[in-house]
Amino acid sequence: LIVRSVHKFDASDVRESYKSAVKVTDRVSLCGATIRGNLDFRGCHFTRAGIDRDDSPSLFADGMSVGGNVLLSDGFTAAAEVRLNGSAIKRNLDCSGAQLKNVEGYSLSAAGAAVSGSIFLCSTHAARGNAESDNVGFQSDGTLRLAGATVTGEVKCDDGKFFARAFAAAGWRITDAPAE
């Protein structure tokens, strides 16, 4: 299932590729769906414009089965929860370079999910180690939930940024000094 913007390598003029972002203004529901290949939302912008409730997710895919990768990367943004609870992903969950925002709740929830590959919560593969890249890396503004998830590979969070109001309210602080 491919719903994505033109990737910069797909366009003959790189400047044109950034004008082609797919904007999703309502919730996408894939609960219980079976996708034999990849689920590809690379570069899509999920807004809250058509979402009528504050607790309604941008991407609602509980119990989904994906035979390949779930690609929420390369500039993917979501202004409400991305919910993949109980999903089975046979390859990777790639959120590299994504910006997820749900300050009052979960930005990404994959509770009980089974990922047979790795989870990427970092910069895009092309931007890693490239100082000239305009990629801002992965950022989560909200609580990231992986409770009960099974990941066969790695969970890569190199240079990812994570902000959660729940921890700030509890008095947690990030310091440069290691705890003793």
Side-chain angles (χ1 to χ4, degrees), residues 1-11 14 16-51 56-102 105-111 113-128 133-142 144-146 149 151 153 155-157 160-162:
L1 175 61
I2 300 174
V3 180
R4 70 176 180 106
S5 64
V6 175
H7 192 273
K8 66 181 177 181
F9 301 113
D10 296 338
V14 173
E16 290 302 310
S17 69
Y18 295 106
K19 296 178 184 175
S20 69
V22 174
K23 292 179 177 61
V24 178
T25 58
D26 209 340
R27 175 174 74 185
V28 172
S29 183
L30 295 170
C31 292
T34 299
I35 298 168
R36 291 185 181 189
N38 294 334
L39 173 61
D40 190 348
F41 283 122
R42 286 180 286 177
C44 290
H45 299 291
F46 282 60
T47 68
R48 292 199 60 86
I51 298 176
S56 186
S58 290
L59 177 57
F60 191 23
D62 287 355
M64 173 180 65
S65 177
V66 178
N69 298 297
V70 173
L71 303 167
L72 309 176
S73 58
D74 297 325
F76 175 87
T77 64
E81 179 181 359
V82 172
R83 188 179 303 167
L84 307 172
N85 295 337
S87 291
I89 300 168
K90 298 296 180 197
R91 299 212 53 208
N92 299 316
L93 170 56
D94 188 354
C95 297
S96 57
Q99 307 290 301
L100 308 178
K101 187 171 187 172
N102 189 22
Y106 298 121
S107 56
L108 171 66
S109 182
V115 180
S116 297
S118 295
I119 298 177
F120 296 98
L121 306 171
C122 49
S123 292
T124 60
H125 306 291
R128 290 185 200 135
S133 173
D134 59 355
N135 184 291
V136 293
F138 174 83
Q139 183 167 323
S140 169
D141 292 320
L144 193 123
R145 180 179 184 219
L146 298 175
V151 181
V155 178
K156 301 271 300 172
C157 300
K161 294 182 179 151
F162 303 87

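Basis for what follows: all heavy atoms, side chains included, without hydrogens, waters or symmetry-related copies. Remember, predicted model here, so these are calculated numbers, not experimental data.
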Looking only at non-hydrogen atoms, find the nearest pair between C157 and C122 and report the distance. C-CB, 4.3 Å
Residues which pass side-chain hydrogen bond (donor to acceptor under 3.5 Å, both in side chains) with T77, listed by chain and number, not counting sequence neighbours: H45
My understanding is that only residues two or more places apart in sequence, or in another chain, count here; which of them pass side-chain contact (heavy atoms from CB on, under 4.5 Å) with S87? M64, L84
Closest non-hydrogen contact found for L121 with F138 is C-CB, 3.5 Å
Once rounded to the nearest 0.5 Å, what's the spacing between atom OG of S140 and atom CZ of F162? 6.5 Å
Does the side-chain contact (heavy atoms from CB on, under 4.5 Å) test come out yes or no for L72 and L100, once each step is laid out? CA-CA 10 Å; L72 309 176; L100 308 178; over 6 Å; no
Separation between NZ of K161 and OG of S123, rounded to the nearest 0.5 Å: 8.5 Å
Under the criterion side-chain contact (heavy atoms from CB on, under 4.5 Å), which of I119, V70, I35 is the partner of I89? V70
Residues passing the ring pair (Phe, Tyr, Trp, His ring centres under 6.0 Å) test with F76, sequence neighbours excluded, are F46
How many angstroms lie between atom OG of S58 and atom CG of L108, to the nearest 0.5 angstrom? 11.5 Å
Which residues satisfy the side-chain contact (heavy atoms from CB on, under 4.5 Å) test with K101, sequence neighbours excluded? V103, D141
In terms of heavy-atom contacts, A80 and N102 come closest through C-CB, 4.2 Å
Donor-acceptor pair, N85 side chain versus A111 backbone, under 3.5 Å? yes
For R145, what residues pass the side-chain hydrogen bond (donor to acceptor under 3.5 Å, both in side chains) criterion, not counting sequence neighbours? S109
Would you please name every residue forming a side-chain hydrogen bond (donor to acceptor under 3.5 Å, both in side chains) with S73, sequence neighbours left out? none
Tell me whether N92 contacts the main-chain N or O of S118 through its side chain, where contact means a donor paired with an acceptor under 3.5 Å. yes
Okay, side chain of N69, backbone of L71: is any donor-acceptor separation there less than 3.5 Å? no
Nearest-0.5 Å distance that lies between atom OG in S96 and atom CG in D74: 5.5 Å
Working note: L39 + L30, criterion side-chain contact (heavy atoms from CB on, under 4.5 Å); need CA distance, chi angles, decisive distance, verdict. CA-CA 10 Å; L39 173 61; L30 295 170; 4.0 Å; yes
Work out which heavy atom in S116 is nearest to a heavy atom in K90; give both atom names and the distance. CB-O, 3.2 Å
